[in-house]
Amino acid sequence: MKVFDVGSNTGFASELARLIDLRALPVEKKVFPNEEIYVRLTEDVSGEDVLLAGTTYPNPNEKILEIMLAIDAARRAGAKKITAAIGYMAYGRQDRVQRQGEAVSASVVINAFLSAGLDELFIADYHNPDLLKAFPMKAHNVRVARAIGEYARKTYDLVDPVVVLPGSKALEDKYLLRAKEAAEGAGAKHYTTYIKERDPVTGLVTTKKRELGVTGKDVLLVDDEISSGSTVINAVKMLKEEGPSRIIVGCTHGIFADGSLEKIRSLGVNDIISSDSIPSPTSKVHLAPLFKEAMVNTGITLSGGA
């Protein structure tokens, strides 16, 4: 197997390669005067399994095209099998038509990868994992919540912790899987969620207030992605009214747009934890071990052994 560093997360690609006793190979990239992107694999991959590792943020439009071109380059060079490990997959949130005339960009991107020649895909906490099941290639959702919970448990002496989702559609178990897994990692007996609604036109998020019984307890507030931070900010404000001992915020993908990181910190939370899908000062959970485990569990043969 040969591992290539694509996208914009060299740390993730390098660590994943190291865990399977390989090194991450560079991809030659340049931009032509007409602003078109050029991509070339720097080693021969004929008859080889190829693993493309990276992320699609920042500059998602550019990074997605780079990965597509790298897939095509590997296919044309005679790669035996092409697998992609993507820390953060952009456009995953646009996963259904809410208003007439909209595109489902999540399907467009995954189909483009498939058309370019991708055989298998691993994504960390994809926004709609059920969508991956609809594609005629193997696609896997690498879940991160348990690792976030484990980090919080090992870092803090948690007192009667409760795991809370900042917002979901309902209280049904199928919407609480992230909370359940984070609770298992954190050693928490209880987990729950706020209920949120998002305006399909304005994107404005409203969160319904409900008592969660967290007075004097540590709260781990866990989300898949923090972008504008509005959902998390709403949740922190309501949690504060109940008087918890501490509030720790965790997420897989820390985009932190529009100054949301500082806005959340200003509310007095005790820590903010994210994975390294998008490198930042809050990146305290490493994805590479989780991706390696997922690949081993799905039967991929990795050079260097399992």
Side-chain angles (χ1 to χ4, degrees), residues 55-57 60 64 67-68 71 83-116 118-149 163-185 191-200 203 205 207 222-227 231-232 250-255 274-275 277-278 285 287 290-291 293-300:
T55 193
T56 63
Y57 188 90
I64 285 172
I67 294 170
M68 287 169 53
I71 294 168
T83 302
I86 309 298
Y88 174 74
M89 177 61 80
Y91 288 102
R93 298 176 69 91
Q94 300 175 46
D95 59 355
R96 64 191 184 278
V97 174
Q98 298 188 82
R99 303 174 65 199
Q100 185 177 1
E102 289 183 336
V104 180
S105 57
S107 294
V108 172
V109 171
I110 302 297
N111 275 321
F113 281 13
L114 177 63
S115 297
L118 187 65
D119 296 300
E120 194 157 2
L121 175 63
F122 291 81
I123 304 174
D125 274 339
Y126 194 55
H127 185 68
N128 183 356
D130 290 337
L131 190 64
L132 300 178
K133 302 173 185 177
F135 294 98
M137 68 174 171
K138 294 180 179 179
H140 313 277
N141 188 51
V142 180
R143 304 190 67 87
V144 184
R146 184 176 284 104
I148 293 173
V163 173
V164 177
L165 300 183
S168 66
K169 295 179 180 179
L171 293 170
E172 299 172 29
D173 287 346
K174 66 179 181 179
Y175 297 117
L176 294 174
L177 181 57
R178 177 173 291 107
K180 179 182 179 181
E181 292 177 345
E184 291 169 352
Y191 56 88
T192 187
T193 184
Y194 287 112
I195 307 300
K196 73 173 182 179
E197 295 179 352
R198 184 183 299 272
D199 188 295
V205 174
T207 309
V222 181
D223 209 351
D224 61 336
E225 177 180 324
I226 298 179
S227 183
T231 306
V232 168
C251 69
T252 301
H253 309 299
I255 292 178
S274 68
S275 82
S277 70
I278 301 169
V285 173
L287 291 181
L290 304 181
F291 271 76
E293 181 183 11
M295 291 176 185
V296 170
N297 289 341
T298 53
I300 290 183

Distance col, row Ser277:OG vs Ile86:CD1, nearest 0.5 angstrom, shows 11.5 Å
So CG of Asp125 and CG of Asp224: to nearest 0.5 Å the spacing works out to 6.5 Å
Start with the C-alpha gap between Thr252 and Tyr88, add the side-chain angles, then the distance that decides, and say whether side-chain contact (heavy atoms from CB on, under 4.5 Å) holds. CA-CA 9 Å; Thr252 301; Tyr88 174 74; over 6 Å; no
Closest heavy-atom pair, Val163 versus Ala182, reported as atoms and distance to 0.1 Å, is CG1-CB, 3.9 Å
Fill in: Close side-chain approach of Ser107 and Leu131, heavy atoms under 4.5 Å
yes
Is there a donor-acceptor pair under 3.5 Å between the side chain of Thr56 and the backbone N or O of Ala90?
-> yes
- Query: Hey, does the side chain of Gln94 reach the backbone of Tyr91 with a donor-acceptor pair shorter than 3.5 angstrom?
  - Reply: no
All heavy atoms of Pro166 vs all of Thr207, minimum pair found to be O-CG2, 4.0 Å
Query raised in the report: Less than 4.5 Å apart, any side-chain heavy atom of Met137 and any of Ile110?
Result: yes
Smallest heavy-atom separation, Thr192 atom then Leu176 atom, equals C-CD2, 4.1 Å
Rounded to the nearest 0.5 angstrom, the OH-CG distance for Tyr191 and Leu165 is 10.0 Å
Item to check | Flag side-chain contact, heavy atom, 4.5 Å: Leu114 against Pro136 | outcome: yes
**Message:** Could you tell me if Glu120 and His140 have a donor-acceptor pair between their side chains, going purely by distance under 3.5 Å?
**Reply:** yes
- prompt: Are any of the side-chain heavy atoms of Arg178 and Arg143 separated by less than 4.5 Å?
  reply: yes
Taken to the nearest 0.5 Å, the spacing of Ser275 OG from Leu287 CG works out to 4.0 Å
| message | If you define the side chain from C-beta out and look only at heavy atoms, does anything of Thr83 sit under 4.5 Å from Asp119? | response | no
What one should report as the nearest heavy-atom pair of Leu121 and Ile123 is CD2-CD1, 3.6 Å
Heavy-atom nearest pair, Gly92 first then His127, reads O-CB, 3.5 Å
dist His253:NE2 -> Glu225:CD (nearest 0.5 Å) comes out at 6.5 Å
Rounded to the nearest 0.5 Å, the NZ atom of Lys174 sits from the NZ atom of Lys180 at a distance of 15.5 Å
Any side-chain heavy atom of Tyr57 within less than 4.5 Å of one from Ile255? yes
Under 4.5 Å between any side-chain heavy atoms of Tyr175 and Thr193, yes or no?
-> no
In short, Pro129 meets Asn141 closest at the heavy-atom pair CG-ND2, 3.5 Å
- Query: Do Asn128 and Arg96 have side-chain heavy atoms sitting under 4.5 Å apart?
  - Reply: no
Heavy-atom count check: over 12 atoms from other residues, nucleotides or ligands less than 6.0 Å from Lys196 NZ? yes
